[in-house]
Number of protein chains: 2
Amino acid sequence: MPRPPRVVLVEPQEPMNVGAVARAMRNFGLEELYLVNPSPRVGPPWAREAYWLAVHAAEVLDRAVAVASLEKALAGVQLVVATTGRPRELYPAPLVPVWEVPGHVRSVKGQAALVFGRETFGLTNQELDLAHLIAHIPTAPEQPSLNLAQAVVVFAYELYRAGLPNAAPGGGEELAEMGALEGFFADLERYVAEIGFADPHRLPYAMRRLRRIFHKARLSPGEVQLLRGLLHQSRYAMGRRDG
Amino acid sequence: MPRPPRVVLVEPQEPMNVGAVARAMRNFGLEELYLVNPSPRVGPPWAREAYWLAVHAAEVLDRAVAVASLEKALAGVQLVVATTGRPRELYPAPLVPVWEVPGHVRSVKGQAALVFGRETFGLTNQELDLAHLIAHIPTAPEQPSLNLAQAVVVFAYELYRAGLPNAAPGGGEELAEMGALEGFFADLERYVAEIGFADPHRLPYAMRRLRRIFHKARLSPGEVQLLRGLLHQSRYAMGRRDG
């Protein structure tokens with residue numbers, strides 16, 4: 001399995017942004033953080049506000065590396081993904097949407113790097129020249145640009161999601177088996193007839209609607225048991241009242 | 001088209017979080033923000049730090065509504081999606097991953113609401129009882145919980161993405177048509193033979209490798225023209241040197 005992609009921040013200015021980036025990385029299993037010419041306010045040593053925002057991701061900060069050029073931050077990397085928050089109309093490369101990045105990352109054997117630009121103006125064209133592909137997060141035209149840490153959240157989330165098995169967590173819900181469900185419906189039908197909820201000739205229609213309701217609910221075994229218990233108790237109570 | 005989902009924050013404590021939420025909402029086209037019993041530090045009137053973080057999303061804050069209960073924040077809503085950052089083992093409902101939420105939202109005619117809990121301990125079980133479904137963002141086990149605004153980013157991103165046409169922005173790349181590409185390959189083959197890059201019996205193999213390179217590059221019409229111009233110029237220069 002290849003190493004998780006490296007995150008490279010070019011000239012970050014705000015300690016809190018760097019901390020929030022570290023936290024988002026740890027949320028989604030990324031570990032290697034490189035900072036190209038960080039502002040002296042950021043560090044190294046990394047600022048207290050960065051650690052404050054990182055919460056339990058202090059380790060990511062502890063191991064973060066400051067380097068003097070983007071080329072140095074990309075040493076040993078096989079696939080370079082530059083990110084941009086605005087259309088680069090004059091730059092001769094198509095933009096790849098963020099959800100296509102995991103496919104590219106998995107298609108190479110070695111490590112990939114995700115490169116994020118400055119808070120103010122992103123990456124220069126010379127920096128984009130180093131990238132195999134340029135990725136962006138489609139956003140509403142009214143406010144196109146995400147802040148640095150929020151952009152890292154979305155990229156890291158997409159990578160993490162792509163690595164998950166393609167199923168609901170826990171392997172999907174456990175549903176009641178047919179026999180138990182039909183046993184419940186039989187109980188319900190008898191009950192509905194007994195209480196006079198529907199005329200005999202209307203009963204099938206009423207049951208069909210009730211079935212739809214409970215099918216939509218995708219009952220678990222325990223829920224079927226609960227409902228049968230409820231019916232049982234209702235009939236018992238009715239018998240006592242009748243008697 | 002149904003209205004975009006409403007975002008409901010229950011008892012938010014940090015003005016900066018509320019501002020970051022507003023910004024993320026505007027990034028991804030969400031407009032309605034309800035705050036249930038916000039901390040007095042948050043407002044109303046909304047704190048300066050909230051506006052500072054919101055950047056161009058001041059409008060979202062201007063129109064945000066403070067209410068005294070979650071029920072009031074959900075008035076008129078047809079589908080309630082509660083969000084949780086941690087497993088709710090004792091709560092009898094399955095967790096839906098965030099990427100399944102857009103399908104649920106689109107399956108109802110009316111408006112949906114996304115409910116986010118307190119920064120400290122999320123939503124209570126009584127609050128979860130109001131929800132049709134409970135959604136979460138799968139994260140790395142080492143640091144499971146995202147902060148409030150980062151969680152809103154991921155939910156809003158997934159909803160926005162689901163509303164986009166399922167294609168690359170701009171309708172995909174424009175690739176060179178077959179005829180132009182094969183014209184280039186013919187030029188290239190002639191050139192490779194002329195310069196003695198490969199023995200005649202090795203030429204087909206060399207060409208196959210070269211074809212692979214340029215096919216992977218997915219050349220645009222302009223790029224094919226550029227490469228043909230380059231070959232043309234190379235042959236011209238060679239002729240001059242030979243002569």
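Proteins get letters first, then strands, A, B, ... in listed order; numbering begins at 1 in each. Just so you know, these numbers use all the heavy atoms, side chains as well, and skip hydrogens, waters and symmetry mates.
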Residue pair Gln150(B) / Ala149(A): nearest heavy atoms and the distance that separates them: NE2-CB, 4.2 Å
Check whether Ala151(A) gets within reach of chain B through its side chain, its backbone, both or neither, counting any heavy atom under 4.5 Å. neither
For chain B, find which of Gly222(A), Pro141(A), Ser145(A), Ala24(A) contributes the most heavy-atom pairs closer than 4.5 angstrom. Ser145(A)
Find the one option among Asn147(A), Ile137(A), Val98(A) whose heavy-atom pairs under 4.5 Å with chain B are most numerous. Asn147(A)
Flag yes if more than 12 heavy atoms outside Gln225(B) fall under 6.0 Å of its CD atom; otherwise flag no. no
Would you find more than 12 non-hydrogen atoms of other residues, nucleotides or ligands less than 6.0 Å from Arg48(B) atom CZ? no
Please look at Ala156(B) and chain A and tell me whether the side chain, the backbone, both or neither of the residue comes under 4.5 angstrom of a heavy atom of that chain. neither
Residues of residues 25-35 of chain B with a heavy atom under 4.5 Å from any heavy atom of chain A, in residue-number order, are Arg26(B), Asn27(B), Phe28(B), Gly29(B)
pair Val153(A)-Tyr157(B): side-chain heavy atoms closer than 4.5 Å: no
